[in-house]
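Here the structure is a predicted model, which is why all the values come from computation and not from measurement.
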Amino acid sequence: MLEEAKKRDHKKLGKELGLFMISEYGPGFPFWLPNGMILRKTLEDFWYEEHTKEGYIFVKTPMMLNRDLWELSGHWDNYKENMYTTKIDETEFAIKPMNCPGGMLVYKHDLHSYRDLPIRCGELGLVHRHEASGALNGLFRVRCFTQDDAHIFMREDQMEEEIIRLISFIDRIYSVFKLPYTIELSTRPEEKYIGDIETWNKAEAILEDACHKAHKECKINPGDGAFYGPKLDFHVTDSLGREWQCGTIQLDMQLPERFDLTYIDKDGSKKRPIMLHRVIFGSVERFIGILIEHFAGAFPLWLAPTQINIIPVNMEYHEEYAKDVEAWLNENHYRVSLDSRNEKLSYKMRESVMKKIPVSLILGQKEMDENFISYREFGSEETKTVSKDEFLKYLENRIEEKK
């Protein structure tokens, strides 16, 4: 197990596969390399597509806001030791450690009717938190990261339905990556919490009940809730059986009160919305670190930075056909590399495997004469020869099913 974990170390694979780097000039602040940017963008595009299907709208809020806002939200009193602060024009500012207060201001920008709710508002927001230097660990523990945040504003009668729907959504996302999970209900902290105990008890009961109605079990994790509300924490299990806390659903009855958020009800009166904070990946950086180790760097076709590697058997005779195939795959929007070095076929194939490229094409005289494709999947010794149409169908199926 330890040997396998060493092979899968995301810091080692991140370097070998050209995904990310950490510099001594910015401990805890990752640099994304070209392959890592492709992987990251593909993951974020998937996130936007799935959230659009679920009826989310999207915003982007500022990275730095002044002290008054953080005092209003409670972060200044409860979280200041983790925040980076500075002064602008003699006013104290903080770089956001969370996206939530900005999300509140977005909601307050417009008037809302009971008919508008629920509003599902997503933000891939970059946040900064001060972590001890000794705790920093590749992408797993960093000082700046992108939370795949969303804030759901709803009426009290919509709470159960929205939480059940959200549990189902998270289940769907994790199943794409073949990540089983367990759920914990984290309850009110002993100290550093806002609001009254009765409200907390009610919120905890709602989360537990919704979990059961979604046909999911949840274990109680006493005292580990956020300072503004209880939460459901989702712990995924990777291919080595290790657990990682990723997703969370936090039920918040406090911040809407603090920010005086309202909507107009049927009778024309002002009512207070209930709010859910939630993430699914947790942080894009950490989730990518988990995926690197989960897949041992061998990403599925849809996610891989380079999807197809083209290897001509002999550059002198087969280069032109290889370039035609490369252009054809590029036109069909696949991420392709062409190994045009004058090296032995066995050497090129071995290197393609070391780079963990999902599909390698071997193009020789037979393929060129018959306008065919011979390919080998990562992890397989079998070479298959098919027509171009069949090969395209095979790629489309693997992408669509996210195998």
Side-chain angles (χ1 to χ4, degrees), residues 51 54-80 82-85 88 91-129 145-156 158-159 162-163 166 189 192-196 199-200 202-203 206-207 225-231 248-265 269-280 282-283:
H51 281 74
E54 289 287 319
Y56 283 74
I57 56 173
F58 306 104
V59 298
K60 184 69 77 178
T61 61
M63 202 181 295
M64 190 185 289
L65 295 159
N66 79 25
R67 174 177 175 164
D68 292 347
L69 179 77
W70 302 111
E71 286 180 341
L72 180 60
S73 68
H75 287 88
W76 198 266
D77 294 328
N78 294 282
Y79 204 75
K80 187 172 181 289
N82 294 100
M83 294 164 69
Y84 296 110
T85 61
I88 301 174
T91 301
E92 283 191 279
F93 276 71
I95 299 174
K96 65 177 178 180
M98 295 173 187
N99 299 302
C100 325
M104 307 283 165
L105 299 183
V106 169
Y107 180 89
K108 282 198 79 160
H109 178 67
D110 286 315
L111 288 172
H112 302 283
S113 156
Y114 70 96
R115 290 193 186 92
D116 301 330
L117 305 182
I119 294 170
R120 306 180 188 103
C121 190
E123 177 179 12
L124 287 176
L126 182 65
V127 301
H128 290 69
R129 297 180 187 178
F145 54 93
T146 303
Q147 282 193 308
D148 64 314
D149 245 323
H151 299 105
I152 301 174
F153 303 93
M154 59 199 171
R155 305 189 305 265
E156 196 162 335
Q158 296 171 321
M159 288 167 65
E162 280 300 307
I163 296 166
L166 194 41
K192 284 203 171 183
Y193 66 88
I194 56 179
D196 60 80
T199 304
W200 273 84
K202 183 180 175 184
I206 288 165
L207 283 174
F227 69 83
Y228 47 77
K231 55 184 180 151
T248 189
I249 301 173
Q250 301 174 351
L251 180 52
D252 188 352
M253 295 175 170
Q254 315 294 342
L255 287 186
E257 185 75 36
R258 284 190 162 226
F259 278 81
D260 191 27
L261 304 188
T262 60
Y263 67 89
I264 308 301
D265 209 1
S269 64
K270 283 187 175 182
K271 288 280 178 67
R272 192 79 66 208
I274 307 292
M275 183 178 173
L276 289 177
H277 307 250
R278 49 109 290 194
V279 292
I280 300 178
S283 97

Original post:
CG of Leu124 to CG of Asp149: how many Å apart, nearest 0.5 Å?
Top reply: 9.0 Å

Original post:
Where do Pro256 and Met275 come nearest, in terms of heavy atoms and distance?
Top reply: CG-CB, 3.7 Å

Original post:
Do you know the tightest heavy-atom contact between Trp200 and Pro230?
Top reply: CZ3-N, 3.4 Å

Original post:
With His128, which residues qualify under ring pair (Phe, Tyr, Trp, His ring centres under 6.0 Å), at least two apart?
Top reply: none

**OP:** Provide the full list of salt bridge (charged side-chain N to carboxylate O under 4.0 Å, His left out) pairs with a residue in residues 62-79, sequence neighbours left out, each pair given once.
**Re:** Arg67-Glu71, Arg67-Glu92

**OP:** Could you tell me whether a side-chain N or O of His112 sits under 3.5 Å from a main-chain N or O of Tyr107, the two making a donor and an acceptor?
**Re:** yes

Original post:
With distance as the sole test, does Arg120 use its side chain to make a donor-acceptor pair with the main-chain N or O of His151 at under 3.5 Å?
Top reply: no

Original post:
So, Ser113 versus Asp116: side-chain donor-acceptor pair below 3.5 Å or not?
Top reply: no

Original post:
What's the shortest heavy-atom distance between Lys96 and Leu126, and which atoms?
Top reply: CE-O, 3.2 Å

Original post:
Under 3.5 Å, side chain of Gln158 to main-chain N/O of Arg155, donor-acceptor pair present?
Top reply: yes

Original post:
Sub-3.5 Å donor-acceptor pair from the side chain of Gln250 to the main-chain atoms of Arg278, do we have one?
Top reply: no

**OP:** Look up atom SG in Cys100 and atom CG in Leu105, then write down how far apart they are to the nearest 0.5 Å.
**Re:** 11.5 Å

Original post:
Is the number of heavy atoms from other residues, nucleotides or ligands under 6.0 Å of Lys60 NZ greater than 12?
Top reply: yes

Original post:
For residues 251-261, which residue pairs qualify under salt bridge (charged side-chain N to carboxylate O under 4.0 Å, His left out), counting only residues two or more places apart or in two chains?
Top reply: Glu257-Arg272, Asp260-Arg272

Original post:
Side-chain contact, heavy-atom cut-off 4.5 Å: Asp265 with Lys270?
Top reply: no

**OP:** List the atom of Lys108, the atom of Phe259, and the distance in Å for their closest heavy-atom pair.
**Re:** NZ-O, 2.9 Å

**OP:** Could you tell me whether a side-chain N or O of Trp70 sits under 3.5 Å from a main-chain N or O of Leu65, the two making a donor and an acceptor?
**Re:** yes

Original post:
Residues two or more places apart in sequence or in another chain: which of them pass ring pair (Phe, Tyr, Trp, His ring centres under 6.0 Å) with Phe145?
Top reply: none

Original post:
Between Gln254 and Thr199, does a side chain to side chain contact (heavy atoms under 4.5 Å, CB included) hold up when you go through it step by step?
Top reply: CA-CA 9 Å; Gln254 315 294 342; Thr199 304; 3.9 Å; yes

**OP:** Any chance you could measure Met63, atom CE, to Ile95, atom CD1, to the nearest 0.5 Å?
**Re:** 7.5 Å

Original post:
Would you find more than 12 non-hydrogen atoms of other residues, nucleotides or ligands less than 6.0 Å from Leu111 atom CG?
Top reply: no

Original post:
Heavy-atom distance under 4.5 Å between the side chains of Val127 and Asn99, does that happen here?
Top reply: yes

Original post:
Considering all heavy atoms of both residues, which atom of Leu69 and which atom of Pro101 are nearest to each other, and what is their separation?
Top reply: CD2-CB, 3.7 Å

**OP:** Just do the side chain to side chain contact (heavy atoms under 4.5 Å, CB included) check on Leu255 and His277 with the steps written out, would you?
**Re:** CA-CA 11 Å; Leu255 287 186; His277 307 250; 3.9 Å; yes

**OP:** Look up atom CG in Leu261 and atom OH in Tyr263, then write down how far apart they are to the nearest 0.5 Å.
**Re:** 12.0 Å

Original post:
Between His75 and Met83, is a side chain to side chain contact (heavy atoms under 4.5 Å, CB included) present by the stated rule, with each step listed?
Top reply: CA-CA 9 Å; His75 287 88; Met83 294 164 69; 4.1 Å; yes

Original post:
Is any NZ, NE, NH1 or NH2 atom of the basic residue among Lys202 and Glu156 found under 4.0 Å from an Asp or Glu carboxylate oxygen of the other?
Top reply: yes

Original post:
Run the side chain to side chain contact (heavy atoms under 4.5 Å, CB included) check on Ile119 and Ile152 step by step: do they pass?
Top reply: CA-CA 6 Å; Ile119 294 170; Ile152 301 174; over 6 Å; no

Original post:
How long is the gap from CG on Leu117 to CZ on Phe153, to the nearest 0.5 Å?
Top reply: 9.5 Å

**OP:** Indicate yes or no: at least one non-hydrogen side-chain atom of Arg129 is less than 4.5 angstrom from one of Met98.
**Re:** yes

Original post:
From Met154 CE over to Leu251 CG, what is the distance, rounded to the nearest 0.5 angstrom?
Top reply: 5.5 Å

Subject >> Residue list, ring pair (Phe, Tyr, Trp, His ring centres under 6.0 Å) with Tyr114, at least two apart or on another chain >> reply: none

Original post:
Between Asp148 (side chain) and Gly282 (backbone), is there a donor-acceptor pair under 3.5 Å?
Top reply: yes

Original post:
Looking at residues at least two apart in the chain, or sitting in another chain, which of them share a side chain to side chain contact (heavy atoms under 4.5 Å, CB included) with Val106?
Top reply: Val59, Thr61

Original post:
So, for Tyr56 and Cys121, which heavy atoms are closest and what is the spacing to 0.1 Å?
Top reply: CD2-N, 4.1 Å

